[in-house]
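Just follow the structure's listing: the first ligand is 1, and inside any ligand the first atom is 1. Please read these numbers as outputs of a predicted model, since none were measured by experiment.
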Amino acid sequence: MATRVEARTSMNPLDYDYSSFFYSSSDDPFSILEPYNEWFNQAVPEGYYLFAQAMSTPPSGTVDLTEGLHHNHVKLVNLSSYNYLGLSYRREVIEAGKAALDKYGLGAAGSPILSGTMDVHMELEAALARFKKKEAVMVFPTGYSTNVGMISALMRPGDWIIADQNAHASIVDGAILSKANVRFFRHNNPADLEKKLKQTTGKKLVAIEGVYSMDGDECPLPELVAVAKKYGARILLDEAHSAFVYGANGRGVAEKFGLEDEVDVHIGTFSKALGGQGGYVAGSQNLYNYLKGFARSRVFSCALSPVVAAGVLKALELAIAEPELRDKLWSNVAYMRGRLEEEGVDVGDATSQIFPIMVRNDRRIFELGHKLLKAGLYLQPIIYPAVAKHRSRFRVSVSSSHTIEQLDEGVSILARVLRDEGILV
Ligand SMILES: Cc1ncc(COP(=O)(O)O)c(C=O)c1O
């Protein structure tokens, strides 16, 4: 249960986290702002807030942070960005975006259902449908709004959504918005999914992810699909971190397991491997037609910028035409795994391009984050509410665009700081 906090002249930033600032005691909705800012204004200069540091370079193997907390940081080794195939700043993608800017201007200036749909959006949807081998693909402004819109469009009060306990906030928020009953099954645990499904009647949607963003582990898709089918549940698979990365053709974990036809709703984002922005739902034409009217996060929001749509379309073409990008990514992942193992860093159950470096101390992680920055490594602390309390960690993301030297330097800095701080013995 979250505590109520009052404004105070001084508070130890380490005694508080986000859960401390949900409630306040007065009737004024703004009364929470003062205590929160009291904390924030102390946490920032004392180094307990290392978020949203502005970058002045593309998210490549090294980055410059414009205004680091106490320093200007340049040429930091970057192990924080998604950009798994290095496509966000590929020359061809930039050129496609520039050409679209010349042709359409900056924005779509309308909801996709009104005046915001442009030919480039239709081309992108058609290209994705061909790639995913599905009847239809619908593009959304973000990956977040994809899950929110998709889930709330289809599920109703009285229905059941059974989600993995580590499901992304966008799945959780879509479920909350739908007002359906929500239950969580133990992470990647088909037996617990079965237990939960047994206890439900009526319409059921099982929501899972191909690769989990905070632990970098894959879902046991065959077992989960078998259980869901047994109980007549529909399956939503979010491949935000596995689309364009997993599978012989990059069609994700569903392709890897040969289960593309068993999954009812395929979700993905353009913000990870494609280095852009936006999300998609791939499925049947009937689903597409229904979502067009009922996915409120899309209906009541401006369409994706045509500049981004054109860039994403080019990034998709490159991801398809250059399977060597995936090969390079996987060889970098193998290299990173080997180097982390050599240094004795535990990476849990990670099997993907994401490696969690567990710190499990919600306070010390900021001190470590600082030290890493000073030593030349940009690695973002991840704390509650992105992960459970006392499960704080750094998350290493590997890209095909990293050089071996960058990976080496990153791991050496990480291991040195973890060792100096007694986290690694
Ligand atoms: C599993 C999952 N789904 C959806 C999203 C949201 O995607 P986007 O950042 O493109 O809005 C994320 C983002 O990290 C994610 O990890």
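- Less than 4.0 angstrom separates some heavy atom of Asn147 from each of these atoms of ligand 1: 3 (N), 4 (C).
- Contact atoms of ligand 1 toward Glu209: 1 (C) (distance under 4.0 Å to a heavy atom of the residue).
- Contact atoms of ligand 1 toward Thr269: 7 (O), 10 (O) (distance under 4.0 Å to a heavy atom of the residue).
- If you number the atoms of ligand 1 from 1 as listed, the ones under 4.0 Å from a heavy atom of Ala240 come out as 1 (C), 2 (C), 3 (N), 15 (C).
- Less than 6.0 angstrom separates the ring centroid of Phe40 from the ring centroid of Tyr49.
- Heavy-atom distances between Gly279 and ligand 1 stay at or above 4.0 Å for every pair.
- In His241, the part holding a heavy atom less than 4.0 Å from any atom of ligand 1 is the side chain.
- Here the heavy atom of the protein found nearest to atom 10 (O) of ligand 1 is Ser271 OG, 2.6 Å.
- Ligand 1 has Tyr82 within reach: a non-hydrogen atom of the residue lies less than 4.0 Å from it.
- Checked against a 6.0 Å centroid threshold, the rings of Tyr384 and Tyr18 do not count as neighbours.
- Atom CD1 of Ile32 and atom OG of Ser20 lie 9.0 Å apart (nearest 0.5 Å).
- Contacts with ligand 1 closer than 4.0 Å are made by no heavy atom of Thr146, backbone or side chain.
- Atoms of ligand 1 lying under 4.0 Å from at least one heavy atom of Ser213, given by number and element, are 16 (O).
- A distance of 4.0 Å separates NZ in Lys389 from CG in Asp17, rounded to the nearest 0.5 Å.
- With a 4.5 Å cut-off on side-chain heavy atoms, Ile151 and Leu177 do not count as touching.
- Tyr335 and His402 have their aromatic ring centers separated by at least 6.0 angstrom.
- For ligand 1, the polar-atom distance check finds an N/O of Gly143 within less than 3.5 Å of one of the ligand's N/O atoms.
- The closest protein non-hydrogen atom to atom 3 (N) of ligand 1 is Asp238 OD2, 2.6 Å.
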Apply ring-ring contact (aromatic ring centres under 6.0 Å, His included) to the pair Trp330 and Tyr246, showing each step before the final yes or no. CA-CA 10 Å; Trp330 286 113; Tyr246 274 70; 5.1 Å; yes
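- Here is the list of ligand 1 atoms found below 4.0 Å of a heavy atom in Ser170: 3 (N), 4 (C).
- At a 4.0 Å cut-off, at least one heavy atom of Lys272 sits close enough to ligand 1 to count as contact.
- For atom 6 (C) of ligand 1, the closest heavy atom belonging to the protein is Tyr144 N, 3.4 Å.
- No side-chain heavy atom of Ser352 sits less than 4.5 Å from a side-chain heavy atom of Val333.
- Among all non-hydrogen protein atoms, the one lying nearest atom 5 (C) of ligand 1 is His168 CE1, 3.4 Å.
- Residues Arg391 and Arg360 form a side-chain contact, since some pair of their non-hydrogen atoms from C-beta on lies under 4.5 Å apart.
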